[in-house]
Amino acid sequence: MGEGNTPLVPGMDGNVSFKLESTNPTGSYKDRFIAAELTNVLLQNRSVCVATSSGNTGSSLAAYCARYGVRCVIVVNADAPSGKLLQMGAHGATVLGIPEFVTSPEVTQAVFATLEAFTASEAASLIVSAFKYCPVGMSAVKRIATEIVAQSPDVRHVFVPVGGGGLFAAISAEMQAIHPQARVHAVQPEGCPTVWNAYRLGLDTVESVTSTTRISGLSVPFDIDASLALRLVRSGGGQVIPVSDAEVFAAQTHMLRREGIYCEPAGATALAGYRRAVAAGSIAADEHSVCVVTGHGFKDPQSIEASASDSGVRRCDAANLTGILEGMLRGVLR
Ligand SMILES: Cc1ncc(COP(=O)(O)O)c(C=O)c1O
């Protein structure tokens, strides 16, 4: 449906560009994954998919399943953002919302175990956007790195948001293969520090956490692709950069107000990491950096409302319309 070949847009300040994965058909990079993985499902003559999702995999799967006549059931956390839920429902998916899914490691692991057993016994496909479950689909995500290098051969740093770690793993592995002079950095919310904890403690294994982050898409409380991501951070010379939810929301406001880019919080997380790295002096601000903007603002209207609270529509009542309107226009121009 036109997934991939997304624009790389120069930022307004500093030597940073934005890779707009939000311009994919359903508004996130997951379309690259689903287009490839669903092809694989169809090649296996399967007609039912079961997916776990924080929202974007589900939105994408629902759209592609509608188009290719595949039935899908999507398991999400009960309070996934409304834009993502609306997309799934609009395309006719069956959606199950489970409290504490993606925040509690026990609940999340129990859901995965049930789905793994069910899909194995029913010859249905289990769709999870991670190398551990769906390596064929995830390999298509590597193209983000290929495109970045083609669009900007001078790229020195790439900042990638991390939830389960698969997205980072795809970009980092490909970058190490084709353009090793660039460093790919993993930006993870402090409230879900799976990769960050292992990195800062020098461990080789990733421990489960109880996630408290409110950044939809980046809450994955146990190791799915996190150890893979950790190995690739180390082999590629990248950093793991923890960011607070407040820093992510501030970066999202910057994207909206300064860059004119409408993105969900996870889509602004790379920028939050870039800002931390520049502030800490761990990257040189004059070296070209790319932030991967993974998801569209329409996905999570509530997060946008928070950024927009001090502006918005001013009412102009019909009585004395001309007078009020003129006063307002003069006020804006002043
Ligand atoms: C918008 C967005 N950004 C980033 C991610 C993180 O990807 P991963 O779980 O592979 O680390 C997700 C995952 O759902 C996402 O939806």
Side-chain angles (χ1 to χ4, degrees), residues 6 18-24 26-34 37 51-61 74-77 80-81 83-85 87-88 101-102 108 112 127-135 137-142 144 158-173 184-189 192-196 206 211 213-230 232-233 240-241 243 248 251-252 255 261-273 291-300 303:
T6 55
F18 298 104
K19 178 70 172 160
L20 297 189
E21 288 299 300
S22 47
T23 65
N24 276 298
T26 76
S28 83
Y29 80 92
K30 304 277 184 167
D31 292 333
R32 297 178 185 265
F33 163 69
I34 290 294
E37 192 62 34
T52 65
S53 176
S54 58
N56 283 326
T57 297
S59 305
S60 181
L61 182 67
I74 301 163
V75 176
V76 296
N77 52 316
K84 301 179 186 184
L85 294 173
Q87 278 181 294
M88 291 177 228
F101 180 63
V102 309
T108 312
F112 269 85
I127 309 288
V128 182
S129 69
F131 281 96
K132 181 176 171 186
Y133 291 97
C134 296
M138 287 307 290
S139 290
V141 176
K142 292 181 174 177
I144 296 175
V158 181
F159 292 81
V160 181
V162 170
L167 170 68
F168 172 84
I171 296 175
S172 176
V184 185
H185 307 294
V187 187
Q188 187 168 51
C192 189
T194 50
V195 181
W196 167 239
V206 168
S211 174
T213 182
R214 287 178 297 135
I215 311 304
S216 166
L218 305 187
S219 185
V220 180
F222 67 101
D223 183 10
I224 299 183
D225 278 346
S227 335
L228 175 65
L230 182 67
L232 284 160
V233 168
V240 181
I241 304 166
V243 289
V248 172
Q252 185 191 23
M255 294 293 277
I261 294 172
Y262 205 61
C263 64
E264 64 173 301
T269 299
L271 176 63
C291 293
V292 183
V293 180
T294 47
H296 204 286
F298 292 130
K299 299 280 188 174
D300 191 350
S303 72

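Just so you know, these numbers come straight off a predicted model, no measurement behind them. In each ligand, atom 1 is the first atom listed, and ligand 1 is the first ligand listed.
- Taking both residues in full, the closest heavy atoms of Met255 and Val293 are given as CE-CG2, 3.6 Å, listed atom of the first, atom of the second, then distance.
- Short contacts between ligand 1 and Ser54, defined as distances under 4.0 Å to a heavy atom of the residue, involve ligand atoms 14 (O).
- In Lys299, neither the side chain nor the backbone holds a heavy atom less than 4.0 Å from any atom of ligand 1.
- A heavy-atom separation below 4.0 Å is not found between Glu21 and ligand 1.
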Quiz prompt | Intermediate values then yes/no, side chain to side chain donor-acceptor pair (under 3.5 Å), Ser28 and Lys299 | solution = CA-CA 9 Å; Ser28 83; Lys299 299 280 188 174; 4.7 Å; no
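- The structure places SG of Cys291 at 5.0 Å from CG of Leu271, a figure rounded to the nearest 0.5 Å.
- To the nearest 0.5 angstrom, Leu232 atom CG is 9.0 Å from Leu230 atom CG.
- The nearest protein atom to atom 10 (O) of ligand 1, hydrogens excluded, is given as Leu167 N, 2.9 Å; this is a heavy-atom distance.
- Of the protein's non-hydrogen atoms, Thr294 OG1, 2.8 Å is the one closest to atom 3 (N) of ligand 1.
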Exercise. Would you please test Asn56 and Glu264 for side chain to side chain donor-acceptor pair (under 3.5 Å) and show each step?
Key: CA-CA 11 Å; Asn56 283 326; Glu264 64 173 301; 2.9 Å; yes
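- Selection from His296, Gln188, Lys84, Lys30 by nearest heavy atom to atom 13 (C) of ligand 1 gives Lys30.
- Heavy atoms of Tyr29 found under 4.0 angstrom from ligand 1 belong exclusively to the side chain.
- For Glu21 and Lys30, the salt-bridge test fails: no basic side-chain N is under 4.0 Å from an acidic carboxylate O.
- Which parts of ligand 1 touch Gly217 is read off a 4.0 Å heavy-atom cut-off, strictly below it: atoms 5 (C), 6 (C), 12 (C), 13 (C), 14 (O).
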Quiz item: Please walk me through it: do Val248 and Val187 pass side-chain contact (heavy atoms from CB on, under 4.5 Å)?
Solution: CA-CA 10 Å; Val248 172; Val187 187; over 6 Å; no
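- When heavy-atom distances to ligand 1 are checked against a 4.0 Å cut-off, Asn56 comes that close only through its side chain, counted from C-beta outward.
- For ligand 1, the atoms lying closer than 4.0 Å to a non-hydrogen atom of Val162 are 11 (O).
- Of the N or O atoms in Phe168, none lie within a sub-3.5 Å distance of an N or O in ligand 1.
- At least one N/O-N/O distance between Gly165 and ligand 1 falls below 3.5 Å.
- Using a 4.0 Å cut-off to heavy atoms of Ala266, the atoms of ligand 1 that qualify are 1 (C), 2 (C), 3 (N).
- Taking CG of Leu218 as the start and SG of Cys192 as the end, the distance is 8.0 Å to the nearest 0.5 Å.
- Atom CZ in Phe101 sits 8.0 Å away from atom OG in Ser53 (nearest 0.5 Å).
- For the atom pair CD1 (Ile261) and OG (Ser22), the distance works out to 7.5 Å, reported to the nearest 0.5 Å.
- For Ser28, the heavy-atom gap to ligand 1 stays at 4.0 angstrom or more.
- Residue contact check: Glu264 has heavy atoms under 4.0 Å from atoms 1 (C) of ligand 1.
- With hydrogens left out, the protein atom closest to atom 9 (O) of ligand 1 is Gly164 N, 2.8 Å, a heavy atom.
- For Leu218, every heavy-atom contact with ligand 1 shorter than 4.0 Å involves the side chain, none the backbone.
- For the atom pair CD1 of Ile127 and OG1 of Thr57, the computed distance is 9.5 Å after rounding to the nearest 0.5 Å.
- Not a single heavy atom of Gly267 sits under 4.0 Å from any atom of ligand 1.
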